[in-house]
Amino acid sequence: MDHVDTTTRALATPGRDGSDAPAERAPGHRRTPLGTRLAHDYPVLLLAVPGMLIILAFQYYPLLGNVIAFQDYQPYLGIDKSLWVGLDNFRILVDGDPAFLNALVNTLILTLIQVVFVFPAPIILAIVLNNLVSGRLRQTVQSIVYLPHFLSWVIVVAIFQQMLGGAGMINNWLRSTGMEPFHIIGNADLFRALLTSQVIWKDTGWTTILFLAVIAGIDRSLYEAASADGAGRLRQMWHITLPGMRPIIVLLLILRLGDSLTVGFEQIILQQTAVGTHVSEVLDTYVYNNGIIGGQWGVAAAVGLAKGVVGLLLVLGANKLAHLFGEEGVYRA
């Protein structure tokens, strides 16, 4: 496998000399002035203007609303006339409010579960599909696993209730055969497992598209060389497929950390009544229940702002850590 390892490392590293360092600029090369580049690329830049305006209007402009985290915000007074309270709304983060701590603990548990079980699921499925011998079978399976992504969470939750609910198809069959029914929907002990299975069923197939594209871009001569050296499918997967997928896996993991405290608002709020808030309250539902339902707009905005700052710090830290291990990460400063 030495030949395979050497070739794989050469494929995975972008440096001119095979090292992890980025390619150096050619001697004598001068950077093109900004004005010259703008004059040359202005047709492409004009095409990007509509998209940039949409991003500014719907992504950046709403960020200004975070100022209510520092106010005793009253909707009928507006931002201009609401009282400024400094950091008072952030005290809930350090004073040990039981409802907030319960939401934080539930969020962290679901985050850990999703990183351990949900994130690797499309990687495993992509590898399995890539190793299916029959191309027609592979395409059929791909088409089937993509479909749940296009369903809304309302439909997904309804399907699971029809299948696993107390009056669902499986329990009706168990009763008809004289067996005891089992309760999954509404069972607080199984709620996190239910959420995880729903996420895997809905989105694994869609995310698999990206990993299949990465596998398709791996040099096929590496597999031929490995096969000639006597490597089986398992060793080819370990020494060629996984190293080839490593950069995109690291990239997606870093981006996932940015949303690590976002564990699914719609999915949870639809099923929260059945199991209670002690196991289903997360930061997103806490913000909704306190801000929209409870009228504590400032506190809800403070929690949401703190959640965003934590996600940003996780992305910056993970990106830096990826650089230390020789990966490209999301960006290079």
Do the non-hydrogen side-chain atoms of [X] and [Y] ever get within less than 4.5 Å of each other?
| X | Y | result |
| --- | --- | --- |
| Trp201 | Val156 | yes |
| Gln271 | Ser280 | no |
| Thr241 | Asn131 | no |
| Ile68 | Gln71 | yes |
| Ile218 | Tyr223 | yes |
| Phe211 | Ile127 | no |

Report the distance from atom [atom1] of [X] to atom [atom2] of [Y], rounding to the nearest 0.5 Å.
| X | Y | atom1 | atom2 | answer |
| --- | --- | --- | --- | --- |
| Ile79 | Trp297 | CD1 | CH2 | 11.5 Å |
| Thr204 | Ile123 | OG1 | CD1 | 10.5 Å |
| Thr107 | Asn102 | OG1 | CG | 9.0 Å |
| Met245 | Leu251 | CE | CG | 12.5 Å |
| Asn289 | Ile269 | CG | CD1 | 5.0 Å |

According to side chain to side chain contact (heavy atoms under 4.5 Å, CB included), who are the partners of [X], at least two apart in sequence or on a separate chain?
| X | answer |
| --- | --- |
| Leu104 | Phe100, Leu108, Leu283 |
| Ala99 | Asp97, Tyr286 |
| Val105 | Ile109 |

For [X] and [Y], which heavy atoms make the closest approach, and how far apart are they?
| X | Y | value |
| --- | --- | --- |
| Ala121 | Ile200 | CB-CG2, 4.4 Å |
| His40 | Pro43 | O-CD, 3.9 Å |
| Ile215 | Ala126 | CD1-O, 3.9 Å |
| Leu174 | Glu180 | CD1-O, 3.8 Å |
| Pro62 | Ala57 | CD-O, 3.4 Å |
| Trp173 | Ser176 | O-OG, 2.6 Å |

> Sequence neighbours excluded, which residues qualify as salt bridge (charged side-chain N to carboxylate O under 4.0 Å, His left out) partners of Asp284?
Replying inline: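 Asp284 satisfies salt bridge (charged side-chain N to carboxylate O under 4.0 Å, His left out) with Lys307 only.
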> Taking only residues two or more places apart in sequence, or in another chain, which ones meet Arg91 in a salt bridge (charged side-chain N to carboxylate O under 4.0 Å, His left out)?
Replying inline: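 For Arg91, the residues satisfying salt bridge (charged side-chain N to carboxylate O under 4.0 Å, His left out) (neighbours in sequence not counted) are Asp88.
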> Residues two or more places apart in sequence or in another chain: which of them pass side chain to side chain donor-acceptor pair (under 3.5 Å) with Asn290?
Replying inline: none
>> The criterion is ring-ring contact (aromatic ring centres under 6.0 Å, His included); which residues satisfy it with Phe150, sequence neighbours excluded?
In response: Trp206
> Who passes ring-ring contact (aromatic ring centres under 6.0 Å, His included) against Phe70, sequence neighbours left out?
Replying inline: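 If we apply the ring-ring contact (aromatic ring centres under 6.0 Å, His included) test to Phe70, skipping adjacent residues, the hits are Phe90.
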> side chain to side chain donor-acceptor pair (under 3.5 Å) with Asn106: which of Arg192, His278, Glu281?
Replying inline: Arg192
>> Could you list the cluster mates of Phe58? Members are the ILVMFWY residues connected by side-chain heavy atoms closer than 4.5 Å, either directly or through other members.
In response: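 The other cluster members (ILVMFWY side chains, heavy atoms under 4.5 Å, direct or chained) are Ile54.
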> Which ILVMFWY residues can you reach from Ile268 by hopping between side chains whose heavy atoms are under 4.5 Å apart?
Replying inline: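 The other cluster members (ILVMFWY side chains, heavy atoms under 4.5 Å, direct or chained) are Leu110, Phe191, Leu195, Val263, Val275, Val279, Val282.
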> Do Thr208 and Tyr146 have side-chain atoms, one donor and one acceptor, less than 3.5 Å apart?
Replying inline: no
> Under the criterion side chain to side chain contact (heavy atoms under 4.5 Å, CB included), which of Asn319, Val309, Asp259, Leu257 is the partner of Leu314?
Replying inline: Leu257
> Judged by atom type as modelled, is there a donor-acceptor pair below 3.5 Å linking the side chain of Asn187 to the main-chain atoms of Phe182?
Replying inline: no
> Is a side-chain donor or acceptor of Arg256 paired with a backbone partner of Val115 at a separation under 3.5 angstrom?
Replying inline: no
> Which side chain to side chain donor-acceptor pair (under 3.5 Å) pairs, counting each pair once, include a residue from residues 55-70, with sequence neighbours left out?
Replying inline: none
>> Does anything in residues 150-172 form a side chain to side chain donor-acceptor pair (under 3.5 Å)? List the pairs, not counting sequence neighbours.
In response: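 Side chain to side chain donor-acceptor pair (under 3.5 Å) check on residues 150-172 returns Asn172-Arg175.
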